[in-house]
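Counting begins at 1 with the first residue of the sequence. Any value given below was found using the heavy atoms of this structure, including those in side chains, with hydrogens, waters and symmetry copies removed.
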Amino acid sequence: EQLAKEIRSRVQEKTQLTCSAGISINRMLAKICTDVNKPNGQFAVGLNGDVDGIHAFLEKLPIRKLPGIGKVAESTLKALGLCTAGAMYTERGVLPHLFSASSAQYFIQ
């Protein structure tokens, strides 16, 4: 977390622009975390093996925040009452019936 703070500070010092940072165990989660404390903030989840923290974070995350979920997929999922990543994961069995096999697999990875 300190490294991200240092990088953000250097970017602002050199460019006079702010930036946000997401810190997690993989690129997808880090990308999602980047949006949490915008502008000019940072957010970390899942560090030091905190799997429960990752689950708690994703459980309430709106589906639109997930990479690959656009307006059409969002409206389809919301029509079924699936508004969060947690709800989508719980009902993951319906995804292959709504989307292509590759899309369904991508959404639940």
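- Considering only heavy atoms from C-beta on, Phe107 comes within 4.5 Å of Ile69 through its side chain.
- A distance of 10.5 Å separates CD in Gln2 from CD1 in Ile7, rounded to the nearest 0.5 Å.
- Between Arg8 and Asn40, some side-chain heavy-atom pair lies under the 4.5 Å cut-off.
- Counting only distance, with no hydrogens or angles, the side chain of Ser75 and the backbone of Val72 share a donor-acceptor pair below 3.5 Å.
- At least one donor-acceptor pair closer than 3.5 Å links the side chain of Asn26 to the backbone N or O of Met28.
- In this structure, Phe57 has its ring center closer than 6.0 angstrom to the ring center of Phe43.
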Practice prompt. Would you please test Leu98 and Leu80 for side-chain contact (heavy atoms from CB on, under 4.5 Å) and show each step?
Written response: CA-CA 10 Å; Leu98 300 172; Leu80 296 172; 3.3 Å; yes
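- Of the inter-residue distances, the one linking Lys65 atom NZ with Lys60 atom NZ reads 14.0 Å to the nearest 0.5 angstrom.
- Looking at heavy atoms from C-beta onward, Ile54 lies in side-chain contact with Ile25 at the 4.5 angstrom threshold.
- Separation of atoms CZ (Arg64) and SG (Cys83) is listed at 13.5 Å; rounding is to 0.5 Å.
- Taking each heavy atom of Ala85 and Leu66 in turn, the nearest pair found is CB-CD1, 3.9 Å.
- Every residue was checked against the salt bridge (charged side-chain N to carboxylate O under 4.0 Å, His left out) condition with Glu13, not counting sequence neighbours, and none meets it.
- Contact detail for Phe99 and Ala104: the closest heavy-atom pair is CB-N, 4.3 Å.
- The minimum heavy-atom distance between Ser20 and Asn37, with the atom names listed, is OG-O, 4.1 Å.
- In this structure a side-chain-to-backbone donor-acceptor pair under 3.5 Å is present from Thr34 to Gly22.
- Under the 4.5 Å side-chain criterion, counting only non-hydrogen atoms from C-beta, Thr90 is not in contact with Leu82.
- Using a 4.5 Å heavy-atom threshold, the side chains of Leu95 and Leu77 count as touching.
- Under the salt bridge (charged side-chain N to carboxylate O under 4.0 Å, His left out) criterion, Lys78 pairs with Glu74, sequence neighbours left out.
- Closest approach of Tyr106 to Gly68, counting heavy atoms only: CE2-CA, 4.0 Å.
- Annotation: the span from Gln42 atom CD to Cys33 atom SG amounts to 10.5 Å, rounded to 0.5 Å.
- Comment: Glu1 does not engage Lys5 in a salt bridge, judged by the lack of any side-chain N to carboxylate O separation of less than 4.0 angstrom.
- Residues Leu29 and Leu47 fall into different hydrophobic clusters, defined by Ile, Leu, Val, Met, Phe, Trp and Tyr side chains chained together at heavy-atom separations under 4.5 Å.
- Shown here for Ile63 and Met88, the closest heavy-atom pair between the two residues is CG2-SD, 4.0 Å.
- Hydrophobic cluster membership is shared by Val36 and Val45, with clusters built from Ile, Leu, Val, Met, Phe, Trp and Tyr side chains linked at under 4.5 angstrom.
- Contact of the Pro67 side chain with the Ile32 side chain is registered, since non-hydrogen atoms from C-beta on lie closer than 4.5 Å.
- Between the Thr84 side chain and the Pro62 main chain, no donor and acceptor come within less than 3.5 Å of each other.
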